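Following: one structure in structure tokens, then a few remarks.
Note that this is a predicted model, so its numbers are computed, not measured.
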Amino acid sequence: MRPAEAPRATPLLLEGDAFARGLAQARARPDLVGAVRAAVELRLAEVEGALDRPEIEAFLAAQRAATLRLFPEVLAEIEGIGQGFAIAPERLFAFLHAPLIAELLEAETKEAEGCTAFAVRTGTGALLAKNRDYRDEHRALQQVMLHRPVRGRSFLVVGSLGAPGCFSSGINEDGLALADTAAPTRDLGPGLNRYFLLTLLLERCATVDEALELVRAVPHTGSGCLVLADAAGEVAAVELGHRRVGIERGSGGRIGRTNHHRLPETAPANLLRPRRAAAHGNSIARQAALGLAMGRLADAPGPDDLAAVLARHADAEGPAFCRHGGDDLAVTISGALFDTARRQLLFCAGPPCSGAWRTFDLHPTSSGSLAP
């Protein structure tokens, strides 16, 4: 099925203050409460031995203090999620920082967490695309959710039950769209976790310029990249470090990121360890292939054109964007296309090559679950 022909589906509707929206996750999908709890504990088990180490305890305490200062609403949302799924909030907070703990210890995660994201200016706004390369247990937890906060902008996200706000990618009512990719770094310290930053930007910013201003204004934990696009067709990428942040405007209205930092401000801190060599090499090769793919797109590409890029498998020009495990290092569990002009998400709940696309709007009339 072509994305342009995708039938409409309805997101989970989460309304109210941050606590109420967190609590609403479990109330909307009581059938997945057990799966959420299992996924949280599975991820924590990989860093369980580190949680009692003094340096990790100090890191999490500093992170909580920074979050309370910079974005306390997300802590309230975590409290609501914890109550709904019967998970202690401090366990959820540690779960959301598990990738950072692994980076601090320069350890390996059980499964590769990659992603490929890019944005392209079109005749009317921009399209932002992301392949979500993530953990297998999140296939069942993956949902499209519409947040309608008491204050701030409404926003539509691809995320996971058990995680607050924007846990992967999203778009708000003004047409600001964004997506993250993993990019391990040695430049880590107290600040805003990028998962929390994604939500903050969607709630408070209308344009890429406003988002970049806010990115410059707040301290970051470090780790990861963001790709941004807005209704005026502006696109940009952000590479997150604690001490230094890199920002790149889209040359010719096109920009993309895989899983390493490229800019002179941030690239020297890429976390390069022998066991990460294969993943780093794959990221570099995918970035090169992505540049070629974006360069071949028409001047004003449509959703079908970007979906074809997301569905790309390995060929002579480089490794796959649509990844299926096995000899590859990761598995793509979904593909997303955000249309900033239409305030719309085209979503494939599975590898984009499957063609199982659905259309989600920012202003549905009722709530429901993600169509399979």
Side-chain angles (χ1 to χ4, degrees), residues 8-41 43 67-68 71-96 132 134 137-173 177-178 180 193 195-204 333-334 336 338 343-345 347 349 358-372:
R8 276 178 161 70
T10 308
L12 295 182
L13 180 59
L14 309 177
E15 296 182 289
D17 62 22
F19 179 87
R21 286 182 283 122
L23 185 60
Q25 286 192 22
R27 291 180 173 175
R29 293 303 306 266
D31 55 313
L32 290 174
V33 166
V36 169
R37 296 179 66 180
V40 170
E41 292 307 316
R43 187 67 180 92
T67 307
L68 184 62
F71 194 20
E73 294 87 348
V74 80
L75 294 177
E77 190 173 355
I78 290 170
E79 290 276 348
I81 293 169
Q83 181 171 314
F85 290 104
I87 304 170
E90 60 269 21
R91 298 285 286 173
L92 276 173
F93 193 79
F95 160 74
L96 294 164
R132 191 183 189 198
Y134 202 48
E137 64 267 24
H138 282 256
R139 291 178 187 270
L141 308 187
Q142 187 167 248
Q143 300 287 310
V144 174
M145 296 175 268
L146 175 60
H147 286 254
R148 287 182 177 162
V150 174
R151 291 184 299 276
R153 294 167 174 83
S154 295
F155 53 97
L156 186 69
V157 302
V158 176
S160 294
L161 294 173
C166 184
F167 194 55
S168 175
S169 55
I171 186 170
N172 71 15
E173 63 188 57
L178 44 74
D180 80 319
N193 184 319
Y195 301 137
F196 305 163
L197 174 64
L198 289 167
T199 306
L200 187 71
L201 295 174
L202 288 176
E203 286 192 8
R204 299 189 183 179
I333 66 170
S334 68
F338 295 91
R343 317 304 199 256
Q344 192 175 75
L345 163 65
F347 183 71
R358 298 291 185 270
T359 301
F360 294 84
D361 294 300
L362 252 170
H363 303 289
T365 57
S366 61
S367 65
S369 64
L370 170 63

List the steps, then state whether salt bridge (Lys or Arg N to Asp or Glu O under 4.0 Å) holds for E41 with R91. CA-CA 9 Å; E41 292 307 316; R91 298 285 286 173; 2.6 Å; yes
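- For the atom pair CZ (F93) and CD (E79), the distance works out to 11.0 Å, reported to the nearest 0.5 Å.
- The backbone N or O of S154 sits less than 3.5 Å from a side-chain atom of E173, completing a donor-acceptor pair.
- Residue L14 holds its CG atom at 9.5 Å from CD of Q143, rounded to the nearest 0.5 Å.
- A donor-acceptor distance shorter than 3.5 angstrom exists from the side chain of R21 to the backbone of G16, with no hydrogens or angles considered.
- Separation of atoms CZ (F338) and CD (Q344) is listed at 11.5 Å; rounding is to 0.5 Å.
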Steps toward side-chain contact (heavy atoms from CB on, under 4.5 Å) verdict (R27, L23): CA-CA 7 Å; R27 291 180 173 175; L23 185 60; 3.3 Å; yes
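- When all heavy atoms of F196 and P164 are compared, the pair lying nearest together is CE2-CG, 4.1 Å.
- The two residues A336 and S169 make their nearest non-hydrogen contact at CB-OG, 4.3 Å.
- Closest non-hydrogen pair, V157 versus G165, comes out as CG2-O, 3.7 Å.
- Within the 3.5 Å criterion, the main-chain N or O of C166 finds a donor-acceptor partner in the side chain of T199.
- L202 and N172 make their closest contact through O-ND2, 2.9 Å (heavy atoms, listed as atom of the first residue, atom of the second, distance).
- Here the closest non-hydrogen pair linking E15 and A20 is O-CB, 3.9 Å.
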Report the C-alpha distance between D180 and Y195 in whole Å, list the side-chain angles of each, state the deciding distance to 0.1 Å, and finish with yes or no for side-chain contact (heavy atoms from CB on, under 4.5 Å). CA-CA 8 Å; D180 80 319; Y195 301 137; 3.9 Å; yes
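- Going from atom OG of S160 over to atom CD of E137 covers 9.0 Å, rounded to the nearest 0.5 Å.
- The CZ atom of R151 sits 8.5 Å away from the CG atom of D17 when rounded to the nearest 0.5 Å.
- At least one donor-acceptor pair under 3.5 Å links the side chain of Q142 to the backbone N or O of I333.
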Please step through side-chain contact (heavy atoms from CB on, under 4.5 Å) for the pair N193 and V74, ending with a clear verdict. CA-CA 11 Å; N193 184 319; V74 80; over 6 Å; no
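- Using a 4.5 Å cut-off on side-chain heavy atoms (C-beta onward), F71 and E77 make no contact.
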With side-chain contact (heavy atoms from CB on, under 4.5 Å) as the test, would you mind laying out the steps for I87 and I81 before giving the verdict? CA-CA 8 Å; I87 304 170; I81 293 169; 5.9 Å; no
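- Put simply, OG1 on T67 and CG on L200 are 11.0 Å apart, with the number rounded to the nearest 0.5 Å.
- When all heavy atoms of L32 and A140 are compared, the closest pair comes out as CD1-O, 3.5 Å.
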